[in-house]
Amino acid sequence: MNSNKKLQILNLSPSPRKIDPLNYLPLRVCSPLSLSLSTNFPASAILISSAGPEKIKPYLRRSKGLPLHPNYSRVVVFSSLFPTMNCAISGEVPEVPVVSTKSGLLFEKRLIESHISDYGKCPVTGEPLTIDDIVPIKSGKVIKPKLLHTASIPGLLGTFQNEWDGLMLSNFALEQQLHTARQELSHALYQHDSACRVIARLKKERDEARQLLAEVERHIPAAPEAVTANAPLSNGKRAADDEETGPDAKKLCPGISADIITELTDCNAALSQKRKKRQIPETLASVDALGRFTQLSSHPLHKTNKPGICSMDILHSKDVIATGGIDATAVIFDRPSGQILSTLTGHSKKVTSVKFVGDSDLVLTASADKTVRVWRDSGDGQYACGHTLNDHSEEVRAVTVHATNKYFVSASLDSTWCFYDLSSGLCLAKVADDSEKVDYTAAAFHPDGLILGTGTSQSVVKIWDVKSQANVARFDGHTGEVTSISFSENGYFLATAAEDGVKLWDLRKLRNFRSFSSADANSVEFDPSGSYLGIAASDIRLYQTASVKAEWNLIKTLPDLSGTGKATCVKFGPDAQYVAVGSMDRNLRIFGLPGDEKANADDDSAQDS
């Protein structure tokens, strides 16, 4: 029925009377044609139509064949024979009644609208139904009869008694909950008080330990004498006092002697000859094994108030890891046992680089306090400082050890790198590039020992001839500070990391042949066999090395689980059986194969061999 048409009421009753549509219920909905063909209606029935009586009566007189009037398509027949109106869905008297123009059924408005929105059809007949097919009906307010038990005073008293009992039960339950909450609060306050007492005691013990450590450090000057009894070490500060100075009060370095150059040349020849016969070890972890690496352990090595691991090195012969932290300490960690062997304290600022010297018990550390320290194991697992070297005037960013394990180089932000004799702690050469001023941020020796690579904060990578201390090549192309460099064991490739990612350089043709887009790369490292490459940035990526023209395939991407979004260093363990990762939290994380998978991988490797 069109809602914009004025409804007309036609009384079918033989006796004239006033018609009130609110007293009638829908009996039938039909078209004018079917109405004309119908035979019987109740005597009290009325019709409500969008057309006037003159348009309906011809159909009621069973006049067949008349054209259908365009102003209406449905006629609703109402009857007063039904004493109540019940919803066809709920069976109850509706508060807001509506009638379907298709089926003539009565519904509660909210129920039929919800059903139409969900199913789009009549819930009784199953016919398609829309909101436009239902017509609201005005009705008097329905007053529900009172219940029998509220119609008398005893019934009311019983109702009040039941409500009182329910209220008392609810009040009792609330009191029980309050009592339980008070007990839990009392227990929590007791635990908090106990925790505060424990924290206070630990702080007191910490302060006492710091005081004892300060007293021990006051008596440390005697320690270097004990160290020199085992090796020709001397205190770096005292050695510096005996050095000659130039007119500008700068230290004069004796230079790299001919004997040292001969020694370096002989080492280079021996290593080059050995490299030609090099074979990949059978115990090296396979590509499939690296692809299944997952975190095995996490070790909090540094202080919580200054978290962050800046550098790392691994002594493969003993499976010992050294880390340098923002807390100005270096930690020697035994990976198999998971125990800290020693903590090296002495630097006043963050430790930017740490290196083991071959298979010996010597450790080198560089710091932002402008010093380099040489540490030796005193025999009881504790390390004593043998040299404190003060040849730089700015932060020292990197140290790297020569293949002879007798010499090392330090690189600093003061635009110089220094070549040291390890046994004496003497700076043999202090090299600066007169052609341009650059700040050195990374350094590494070539595996053969006659070439030194340095990275700078000016995005330039420089290659030096150690014998002449001359700059023989430079690589441009990075954006931002060069944070790390690493030579491949085959001697042909150099990997450099910077803010714009990692680049691979061919040392034979002095050109860049591949780049990896790892934004803000902090560390890059070849494994000792030269088979794998690790990159530490916002995550850790492991690649399989290849030739210049072949593709370097990504093996595994390990997430940075520190939550800082910055992995600072990555190192491969012995035979690449695990990967050690340092981040900007205080934890050292070990990634590798779980025990059962590692055993299966070893069995497969043995069968292949």
Could you tell me whether Arg541 sits above the aromatic face of Phe516, with NZ or CZ closer than 6.0 angstrom to the six-membered ring centre and within 45 degrees of the axis?
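No, cation not above the ring by the 6.0 Å, 45° rule.
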
Tell me the salt bridge (charged side-chain N to carboxylate O under 4.0 Å, His left out) pairs involving [range], sequence neighbours left out?
range	answer
residues 453-465	Asp433-Lys462, Glu436-Lys462
residues 298-312	none
residues 520-531	Glu525-Lys571
residues 504-517	Asp506-Arg508

Which residues satisfy the side chain to side chain contact (heavy atoms under 4.5 Å, CB included) test with [X], sequence neighbours excluded?
X	result
Asp334	Val320, Pro336, Ser337, Leu341
Ser393	Asp414
Pro559	Leu561

Restricting to salt bridge (Lys or Arg N to Asp or Glu O under 4.0 Å), what partner residues turn up for [X], sequence neighbours left out?
X	result
Lys437	Asp439
Glu205	Arg201
Asp359	none
Glu489	Arg275, Arg278

Can you confirm whether the side chains of Thr371 and Asp369 place a donor and an acceptor under 3.5 Å from each other?
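Distance-only check passes for Thr371 and Asp369.
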
Going by ring pair (Phe, Tyr, Trp, His ring centres under 6.0 Å), name the residues that satisfy it together with Tyr420, two or more places apart in sequence or in a different chain.
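Result, ring pair (Phe, Tyr, Trp, His ring centres under 6.0 Å) vs Tyr420: Phe408.
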
Any carboxylate oxygen within less than 4.0 angstrom of a Lys/Arg side-chain nitrogen, looking at Glu395 and Lys349?
no

